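Data first, discussion second: the structure below is written as structure tokens.
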Amino acid sequence: MGDRDRDWDWHLRTLSSSARDSNVANDPASDSSLLQSVKKLYELCKAENSEDLVARVYPQINKLFQRSVASLSQSRTSIGLLLLAILQFYLDFGERVLHDADPSLRTFFRSCLSREFADPVVAEATIDFLNANKKKLLTSFPSLLPQFFPLMLKLIAWNGEKLEKSFMKVFSGLMSPGSFLPLFPSLVDLPILVVALEKVEKSSGSLVGNSIASMQKSTAPEMLLALMDEAYTGSTIGDGGGDSESEDSSTIDVADPLFLDLLKDENDGIAERHWTSPGMAAALQAAINTPQSDRLKHILRMAPQFLDVYFSIALRDVNNSLVCALIPLLMSRNATIFPDKIYSYEVRKRLLEFMLAAFQRSPDFIALLKKPIMDRLGEAYDSPEKTELALQLCWAIGEHGGGGGSHKDEARELFEGLELLLYENLASSRLGLGQESVFSSDSQTSRKSSQSRLLCFVVTAIAKLATNHRELLPRARVSLGKVARSRISDVRVWRRARDYLGLMTEPAISLSVLGPSRPSHGQMQNPGTVKWSDGATKMIAHVPFYILGGQEDTLPRR
């Protein structure tokens with residue numbers, strides 16, 4: 001016990017004397033013994049469990065924290081590890097000394113981590129600190145991590161896969177009602193964030209070196225902070241004189257709103273990502289034309305995994321109003337993804353899977369979102385990505401009956417949108433017959449295949465929607481009849497339309513095959529399963545065509 005008392009006295013005197021040493025007082029992190037003393041005093045307080053000891057240690061540790069924060073702008077060494085050790089003391093003993101750790105935690109993120117996120121030692125220690133205190137942070141300070149999720153994404157984007165597993169454990173803490181929607185585009189744009197950070201490094205010096213001192217000698221951290229200042233306050237960043245102008249394409253335009261938004265540290269809501277801005281175009285072109293850095297390769301692999309966790313939490317824990325609000329944002333981002341073939345495929349796959357899962361969980365989303373859905377149907381041929389999105393939306397409209405039997409007006413509007421898309425495709429098919437020589441054979445084949453695939457889905461959606469909303473049956477017969485009589489379309493299209501026309505003459509079987517998987521009365525019904533129990537009340541006049549195994553001669557002629 002005597003040795004422990006002597007250790008306690010010595011470490012406490014170390015903290016006290018540091019305040020009187022002008023060199024150490026102006027830069028506490030320069031004295032490595034301070035970090036060891038804070039850690040040792042924390043361990044002694046933990047072991048002794050003495051309120052008196054905590055009360056005597058707290059004033060010195062709190063003064064050290066204030067001096068450290070005040071010295072950040074002049075500090076030549078990393079101060080992150082020292083502040084993290086003090087924050088651990090605050091979290092464990094703050095209640096005993098009536099210290100609210102929330103302002104101290106926010107000060108660390110805002111003043112320290114924003115400067116030192118590129119230091120791999122500080123980054124790893126920060127993630128370890130968050131994981132060790134995850135439960136307490138989420139219960140006592142639930143808004144902390146959601147507020148600073150952009151800074152946490154910068155940390156993982158710059159430090160790469162070494163921290164991937166530990167970051168994944170704390171990832172759920174970034175999500176809250178206030179950060180749920182802004183977090184989505186930030187995750188999708190993680191590769192762009194890496195490009196932006198690398199542009200800053202190339203323009204203004206290395207963000208990371210052998211020590212934090214070498215980082216402070218470069219202008220890169222100051223440039224990041226200047227960008228943050230302009231983003232938050234609107235103040236003008238000095239141009240550094242006429243000689244600072246350069247035509248080098250690697251020079252970042254600090255006024256570019258895209259980069260200002262990408263490099264921010266705190267969540268300030270959803271901001272429009274200016275994908276057509278000159279800075280964005282230059283950055284993407286450079287990323288495409290130059291070999292990918294290791295850092296970019298790592299984030300291209302990690303970002304889809306972060307999206308997996310994000311979507312999983314969204315379907316499990318997030319309320320319907322936020323999930324519904326996410327879907328239009330998801331649709332708008334489907335065609336604007338970092339132009340890496342594998343990455344864009346993996347991200348789009350996850351976006352579409354989540355959208356369909358959300359519609360499956362809440363079919364009424366389709367009715368609520370009829371306007372953005374119809375807008376996307378109107379863009380079906382703008383690009384292959386938009387074609388695929390329109391195709392999936394057609395499937396969802398038909399599968400879920402346009403939102404259900406109670407949404408008749410919305411179902412009618414969606415039906416009209418499908419009709420318009422169908423007639424436009426038929427018209428373009430006729431026009432295309434005379435233009436085949438304009439396109440190469442491969443291009444012509446690809447275009448026809450894409451058009452036929454979409455038409456098959458549109459025809460199916462029309463048939464399914466009319467089956468669920470019987471008042472639409474006459475219009476559906478007219479639409480499908482036009483397709484069935486149009487022999488210029490792909491044979492699969494007009495045969496499918498003809499088959500659906502035949503199926504619609506058998507109401508009971510049609511409802512079993514084309515009806516929604518979740519009828520309005522709430523009982524699950526698997527499409528394709530005939531409900532023979534309905535035979536007592538619904539007369540079946542003919543053997544359905546598909547039972548005849550394609551014997552076309554037995555089909556009724558119309």
Side-chain angles (χ1 to χ4, degrees), residues 153-154 156-161 164 167-168 183-199 202 249-250 258-259 262 273-312 326-327 329-357 376 379-395 439-454 457:
L153 293 183
K154 282 204 298 187
I156 190 62
W158 191 256
N159 292 281
E161 62 182 356
E164 178 184 358
F167 180 81
M168 196 70 79
L183 181 57
F184 167 70
S186 296
L187 291 174
V188 174
D189 290 338
L190 276 173
I192 306 294
L193 174 60
V194 170
V195 171
L197 290 171
E198 290 180 339
K199 280 179 68 69
K202 186 176 181 180
S249 62
S250 67
L258 173 77
F259 288 105
L262 283 170
R273 294 285 166 97
H274 300 265
W275 280 77
T276 58
S277 69
M280 185 65 184
L284 290 178
Q285 191 63 40
I288 294 171
N289 295 336
T290 59
Q292 294 179 351
S293 65
D294 290 339
R295 188 175 286 112
L296 181 56
K297 290 178 181 178
H298 293 158
I299 207 64
L300 288 172
R301 184 188 59 80
M302 291 189 293
Q305 299 180 38
F306 296 153
L307 283 172
D308 283 337
V309 179
Y310 175 85
F311 288 140
S312 176
L326 175 64
I327 294 176
L329 182 61
L330 179 151
M331 294 179 189
S332 68
R333 289 308 311 271
N334 181 68
T336 51
I337 299 175
F338 185 81
D340 176 83
K341 185 176 181 180
I342 296 176
Y343 177 75
S344 59
Y345 167 79
E346 292 292 339
V347 170
R348 287 193 180 99
K349 175 185 174 184
R350 286 161 172 80
L351 300 190
L352 295 177
E353 287 177 349
F354 170 77
M355 182 184 70
L356 295 180
R376 300 309 165 191
E379 300 171 351
Y381 282 104
D382 288 0
S383 67
E385 296 79 19
K386 292 183 178 182
T387 300
E388 184 65 24
L389 175 60
L391 186 149
Q392 299 296 337
L393 288 173
C394 288
W395 183 91
F439 302 95
S440 66
S441 58
D442 291 341
S443 174
Q444 183 73 11
T445 301
S446 176
R447 188 178 67 86
K448 283 188 174 182
S449 176
S450 176
Q451 186 177 36
S452 298
R453 185 165 175 255
L454 179 59
F457 275 74

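Values in this document were obtained by computation on a predicted structure and should not be read as measured data. For reference, positions follow the sequence shown, starting with 1.
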Q. Can you tell me how far the OG atom of Ser293 sits from the NE2 atom of His298, to the nearest 0.5 Å?
A. 9.0 Å

Q: Indicate whether the side chain of Ser450 and that of Arg453 have a donor and an acceptor atom separated by less than 3.5 Å.
A: no

Q) Are Ser332 and Leu329 side-chain neighbours, meaning at least one heavy-atom pair lies under 4.5 Å? A) yes

(Q) Test your reading of the model: is there a side-chain donor-acceptor pair from Asp340 to the backbone of Tyr343, 3.5 Å cut-off? (A) yes

Q: Flag the pair Trp158 / Arg295 as yes when at least one side-chain heavy-atom distance between them is below 4.5 Å, and no otherwise.
A: yes

(Q) For Gln392 versus Leu352, what's the shortest heavy-atom pair and its separation? (A) CG-CD1, 4.0 Å

Q.
Using 0.5 Å steps for rounding, measure from the CD1 atom of Ile299 to the CD atom of Gln292.
A. 12.5 Å

Q: Verify, without hydrogens or angle tests, whether Arg376 (side chain) and Ala390 (backbone) share a donor-acceptor contact under 3.5 angstrom.
A: no

Q | Salt bridge present between Glu353 and Arg350 (N-O < 4.0 angstrom) | A | no

Q: Flag the pair Leu307 / Phe184 as yes when at least one side-chain heavy-atom distance between them is below 4.5 Å, and no otherwise.
A: yes

Q | Inter-residue atom distance Thr290.OG1 - Glu198.CD, 0.5 Å rounding | A | 8.5 Å

Q: Report the distance from atom CD1 of Ile337 to atom CG of Asp189, rounding to the nearest 0.5 Å.
A: 9.0 Å

Q) Which heavy-atom pair separates Pro191 from Phe338 by the least distance, and what is that distance? A) CB-CG, 3.7 Å

**Q.** Main-chain N/O of Ser383 paired to Thr387 side chain as donor or acceptor, under 3.5 Å
**A.** yes

Q) Taking the six-membered ring for Trp, are the ring centroids of Tyr310 and Phe354 within less than 6.0 Å of each other? A) no

Q.
How long is the straight-line distance from CD of Glu379 back to CG of Leu389, given to the nearest 0.5 Å?
A. 8.5 Å

Q.
Could you check whether Arg301 pairs with Glu346 (Lys NZ or Arg NE/NH1/NH2 to Asp/Glu carboxylate O, under 4.0 Å)?
A. no

(Q) In the structure I gave you, are the side-chain heavy atoms of Glu161 and Phe167 within less than 4.5 Å of one another anywhere? (A) no

Q.
Main chain of Leu351, side chain of Asn334: is a donor-acceptor contact present, judged purely on distance under 3.5 Å?
A. no

**Q.** Step-by-step side-chain contact (heavy atoms from CB on, under 4.5 Å) determination, Val347 to Arg333
**A.** CA-CA 10 Å; Val347 170; Arg333 289 308 311 271; over 6 Å; no

Q) To the nearest 0.5 Å, how far apart are CG in Leu300 and CD1 in Ile342? A) 9.0 Å

**Q.** Minimum side-chain heavy-atom gap Leu153-Phe306 below 4.5 Å
**A.** no

(Q) When you measure from the side chain of Ser452 to the backbone of Ser449, do you find a donor-acceptor pair of N or O atoms at a distance under 3.5 Å? (A) no

**Q.** Close side-chain approach of Met302 to Met168, heavy-atom, < 4.5 Å
**A.** no

Q: Indicate yes or no: at least one non-hydrogen side-chain atom of Glu388 is less than 4.5 angstrom from one of Arg348.
A: no

